[in-house]
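One structure is given here, and the rest of the page talks about it.
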Number of protein chains: 2
Amino acid sequence: MRQVHVALGSRSYDILVSRWLLPELGSHCRRLGFGRRCALLTDSRVGPLHGRVALRSLRQAGFDPVLVSVPAGERAKSIRHLADCYDQLAVHRLERKSFLVALGGGVVGDLAGFVAASYLRGIPFVQVPTTLVAQVDSSVGGKTGVNLAAGKNLVGAFWQPRLVLCDLETLKTLPDREYRSGLAEVIKYGIICDPTLFRRIEQRMPAILQMDSLELAWVVARCCTIKAEIVSQDETESGLRAILNFGHTVGHALEAITRYGRYLHGEAIAIGQMIAARISQQLLGLPPADVERMERLFKSANLPVTIQFSKDQLQRLCAAMKLDKKVAGGQIQFVLAERLGRVRFGQSVPWSLLITILNAPSGLRDAPRCRRVAPTCLR
Amino acid sequence: MRQVHVALGSRSYDILVSRWLLPELGSHCRRLGFGRRCALLTDSRVGPLHGRVALRSLRQAGFDPVLVSVPAGERAKSIRHLADCYDQLAVHRLERKSFLVALGGGVVGDLAGFVAASYLRGIPFVQVPTTLVAQVDSSVGGKTGVNLAAGKNLVGAFWQPRLVLCDLETLKTLPDREYRSGLAEVIKYGIICDPTLFRRIEQRMPAILQMDSLELAWVVARCCTIKAEIVSQDETESGLRAILNFGHTVGHALEAITRYGRYLHGEAIAIGQMIAARISQQLLGLPPADVERMERLFKSANLPVTIQFSKDQLQRLCAAMKLDKKVAGGQIQFVLAERLGRVRFGQSVPWSLLITILNAPSGLRDAPRCRRVAPTCLR
């Protein structure tokens, strides 16, 4: 078993990475000294697969769990389902010493985390991420939240889990597309700060795609270590943590305008990362060879790297980006790469360049540098 | 102008107490370095009285405020109105550096505080409490939240304001009943830790009821100082802060079972404090003379001190108390007084004694000590 420590003073916690951790959920929770009552929050896809094992483990450890289930998919991250969860915790009389277990992917983790952050002004919670994207990214670091009609994650809180259990066995029940989507976040860690990780993924992609246990344990633990280090230095994203958003400015907007129905999160940020890479090439001189390695690696994971926007889509994409939390003073902020493994956050990108690149999906190799276009999206 | 500092490290802030502070709102906000866009959250009663002055002051200081109004009364503290507020902030594109001003009583402050705590995972906010109960209690200390059908304040966050402006002039627009309700919280500070304050209120009640400015400034600043000291020692109510809940266990339940329609908060906690006093007399030996002084003082402010419960009401009251955040391991926790100015928190009270006292509204002078009654509310 690999163990990663997230150092946040009184809010520190461990991430455990191994196969067959779920049956030990109850005993891990017992060590944390929680009260007897608890809730297992999961969704209609993961619940039938892993809910029974989780509930049995909690009961065997002396806990009194109630099952709270939400529909599978991004639509569960809504105020409506948030309110449903609150009501169920209240009906089952969860108290301040009670706790919540989030069993599922990023949607369940984000929703459960915000429920835990706000029910009774905060109760403890444990993350049991069952998707790759949740194991390497969303379950670690305490970002929780739900979506509004106007945009993704516009409501939430920073609320750290007390423990994260990454059970590699649960990944085997993932649809192939979902698993590959998670690789977009894994590749991101390589781009933003770890060329060694990037190279290893390049070399071992076949083993990773086959979910080789040893390889997977190394990769998941490595990503969690990077995230833990970044979060420890900047818990509430006042600076450094922003580098984790590489590819997310366009990625989130893309998910929003397609109503979270067309792209999985990882697919959207794969496209977003390639757009950020092409902007980086123009603004920070990111070497074209690095851009090509990125594109090749995303493609080897069968992830999309380009998209052809209609004029209407482009307008809606820009409108969605303007509502992003990363906007400051009306100016959109990007994370851009200088080279593989080194990025800068808080980079202002001229709308004209952004639109040029969005209009040239296969990159700017053939496009004129910083060509002026009709400023349809300018404020 | 009186100034009280709430010492909470990087979350420290000042409370200013004076007449005519509202017209200076904008310049105070400018000193805090907020972004240009902001929202003024108020309700349908306070908005028409003070909204224009507040908006003008913000605009004159260079801000771009949007007015967000909710219906007056406790029903605004609902998930539904919370969602409405989020949507309005998103439509007006408030960003992370934007801020929220809560202009109104405790309901507006609690709702706006939770909106600020959770919109974009937290934006700064300023409290401008316009009721006595909000000035001396709810606007200070960072407790924010909304109600669920199952109970009051079951959802929320600890989120400190960046500034509190207690404009004494705004109290003059309060209905008399609302003002007197606030005195229940003022008297509470005397009971829990300040016999000098208690005696002064006893001596100066006529001047206080007439809103004598000098007297009022002293009283409000004194209450804020007490609250600031308690909050500085225990921000998230892991211990000492619980003493502020004196009278609230029964008071909150009473508000809940009367659907927040019959009693104002201060009226409910006046009754709750007298019930806590009678329990204290039985369990901690609080002198009967102290109980009588409390009763006399509440009465001099024209506040209710007793209530006659029907059997049905009593059952519902006990059910509501069991859902209180102050329940631990199914055992209800009270704050009880040893003597005027000294209380203990986390006191378990036998249901049998509680029911006996709830059944004897005029006190236990004529009731047998710890008489056994039908345990209708026992778990």
Side-chain angles (χ1 to χ4, degrees), chain A residues 10 35-37 78-80 82-98 110 113-115 117-123 142-159 236-238 319 322-333 379, chain B residues 10 35-37 64 78-80 82-98 110 113-115 117-123 142-151 153-159 235-238 319 322-331 333 379:
Chain A
S10 63
R36 216 174 138 258
R37 268 182 245 176
S78 66
I79 302 285
R80 194 188 122 206
L82 177 69
D84 282 350
C85 292
Y86 289 145
D87 286 337
Q88 289 191 62
L89 301 200
V91 164
H92 289 91
R93 298 198 177 153
L94 262 72
E95 304 169 353
R96 279 184 176 162
K97 293 200 164 179
S98 306
D110 286 3
F114 187 51
V115 170
S118 51
Y119 180 73
L120 305 186
R121 297 199 187 93
I123 62 171
K143 272 196 181 180
T144 71
V146 297
N147 306 326
L148 296 181
K152 198 169 161 169
N153 295 326
L154 291 184
V155 167
F158 288 96
W159 192 250
T236 57
E237 197 168 315
S238 49
K322 280 178 190 158
L323 199 68
D324 196 283
K325 293 188 293 301
K326 293 174 278 294
V327 166
Q331 184 77 47
I332 200 149
Q333 305 288 303
R379 300 181 61 90
Chain B
S10 62
R36 215 173 140 258
R37 268 182 245 175
D64 175 15
S78 66
I79 301 284
R80 193 189 121 204
L82 177 69
D84 283 350
C85 292
Y86 289 144
D87 286 336
Q88 289 190 63
L89 301 200
V91 164
H92 290 91
R93 298 199 178 154
L94 262 74
E95 304 169 352
R96 280 186 175 159
K97 291 199 166 180
S98 306
D110 286 2
F114 187 52
V115 170
S118 50
Y119 180 73
L120 305 186
R121 298 201 186 95
I123 62 172
K143 271 196 184 181
T144 71
V146 297
N147 306 326
L148 294 181
N153 295 326
L154 291 185
V155 167
F158 288 96
W159 192 249
E235 186 178 4
T236 56
E237 198 168 315
S238 49
K322 280 178 189 159
L323 199 67
D324 195 284
K325 291 189 294 302
K326 292 175 279 294
V327 165
Q331 184 78 46
Q333 305 286 304
R379 300 181 62 89

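Letters A, B, ... mirror the listed sequences (proteins, then strands); counts begin at 1.
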*With B:Ser98 via side chain to side chain donor-acceptor pair (under 3.5 Å) - residues at least two apart*: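 Testing B:Ser98 for side chain to side chain donor-acceptor pair (under 3.5 Å), a comparison that skips the adjacent residues, returns none.
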*Run the side-chain contact (heavy atoms from CB on, under 4.5 Å) check on B:Glu237 and A:Arg121 step by step: do they pass?*
CA-CA 10 Å; B:Glu237 198 168 315; A:Arg121 297 199 187 93; 5.5 Å; no
*Out of curiosity, B:Leu154 CG to A:Leu94 CG, how far, rounded to the nearest 0.5 Å?*
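If we round to the nearest 0.5 Å, B:Leu154:CG and A:Leu94:CG are 11.5 Å apart.
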_For A:Thr236, which atoms come within 4.5 Å of any heavy atom of chain B: side chain, backbone, both, or neither?_
neither
*Tell me, out of B:Ile79, B:Val146, B:Leu82, B:Thr144, who's got the most heavy-atom pairs with chain A below 4.5 Å.*
B:Thr144
*Report the option among B:Ala90, B:Gly35, B:Gly145, B:Gly151 that has the most heavy-atom pairs separated by less than 4.5 Å from atoms of chain A.*
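Option with the top pair count is B:Ala90.
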